[in-house]
Amino acid sequence: MAWPILVLHGPNLNWLGQREPEIYGSLTLAELNEQLQTEAVALGAVLTCEQANGEGALIDAIQRAATRGDRGLVFNPGAYTHTSIALRDAIAGTGLPTVEVHISNVYARESFRHHSYIAPVAIGQISGLGIDSYRLGLQGLVAYLQRYDRNQTA
Ligand code: DQA
């Protein structure tokens, strides 16, 4: 059985490739999503990839994913990581197993990036490995779901 998973990109990530490439690299969002789709096939996951700049639209996307039965979330909340109780509540409220990912190492940057409202409700966080943060986040989430399903049927 394939795991339906939402990959959600937050604010300004639609500008990936042209936005501060020295920090975020030169791959576009479309190219990143394409790579993740390839990775998903190998992992037995089915991805929906979405991006939104607004907090409300991101909350709507998380609630939609839970409603349609997605099993987990790979989420780069962008700057909302450091500000949004509402996104934290959306993850806690839906109960979607979530891996928080960041392209840059947020702990090596400005101090306002050192706090995450999302991390306490995530199953894990990957930060600083560039685009690989997403790939590894997806792998970790699928491994978590495999473990979870095994425990349910054991
Ligand atoms: C980011 C890190 C955030 O601090 C920043 O606001 C972003 C991108 C990352 O992927 O490294 O927009 O989430």
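First listed ligand is number 1; within each ligand, the first listed atom is number 1. Count residues from 1 along the sequence.
- The number of heavy atoms from other shown groups lying within 6.0 Å of CD (Gln37) is above 12.
- In terms of protein heavy atoms, atom 9 (C) of ligand 1 is closest to Ile103 N, 3.4 Å.
- Closest to atom 4 (O) of ligand 1, if we only count protein heavy atoms, is His82 NE2, 2.7 Å.
- Here OG of Ser133 is found 6.5 Å from CD1 of Ile126. Values are rounded to the nearest 0.5 Å.
- At least one test fails for Arg88 against the ring of Tyr117: distance under 6.0 Å to the centre or angle within 45° of the axis.
- Scanning all protein heavy atoms for the shortest distance to atom 1 (C) of ligand 1 gives His102 ND1, 3.6 Å.
- Taking only nitrogen or oxygen atoms, main chain and side chain alike, Ala79 reaches within less than 3.5 Å of ligand 1.
- Looking at Arg19 against ligand 1, only its side chain comes within 4.0 Å, counting heavy atoms.
- The backbone N or O of Asn12 sits less than 3.5 Å from a side-chain atom of Asn53, completing a donor-acceptor pair.
- Ring orientation note: the planes of His114 and Tyr107 are tilted relative to one another, at an angle of 30° to 60°.
- Annotation: Val101 places no N or O atom under 3.5 Å from an N or O atom of ligand 1; distance criterion only.
- Heavy atoms of Tyr24 come nearer than 4.0 angstrom to ligand 1 in at least one pair.
- When non-hydrogen atoms are compared, ligand 1 lies under 4.0 Å from the side chain of Val106 (C-beta onward) but not from its backbone.
- In this structure, His9 has its ring center closer than 6.0 angstrom to the ring center of Tyr134.
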Just do the salt bridge (Lys or Arg N to Asp or Glu O under 4.0 Å) check on Asp70 and Arg64 with the steps written out, would you? CA-CA 9 Å; Asp70 279 9; Arg64 264 198 315 273; over 6 Å; no
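- Tyr80 and Val101 are not part of a single hydrophobic cluster, where members link through side-chain heavy atoms under 4.5 Å apart.
- In terms of protein heavy-atom proximity, atom 11 (O) of ligand 1 is closest to Ser104 OG, 2.6 Å.
- Of the protein's non-hydrogen atoms, the one nearest atom 5 (C) of ligand 1 is Arg113 NH1, 3.3 Å.
- At a heavy-atom cutoff of 4.0 Å, ligand 1 is contacted by the side chain of Asn76 but not by its backbone.
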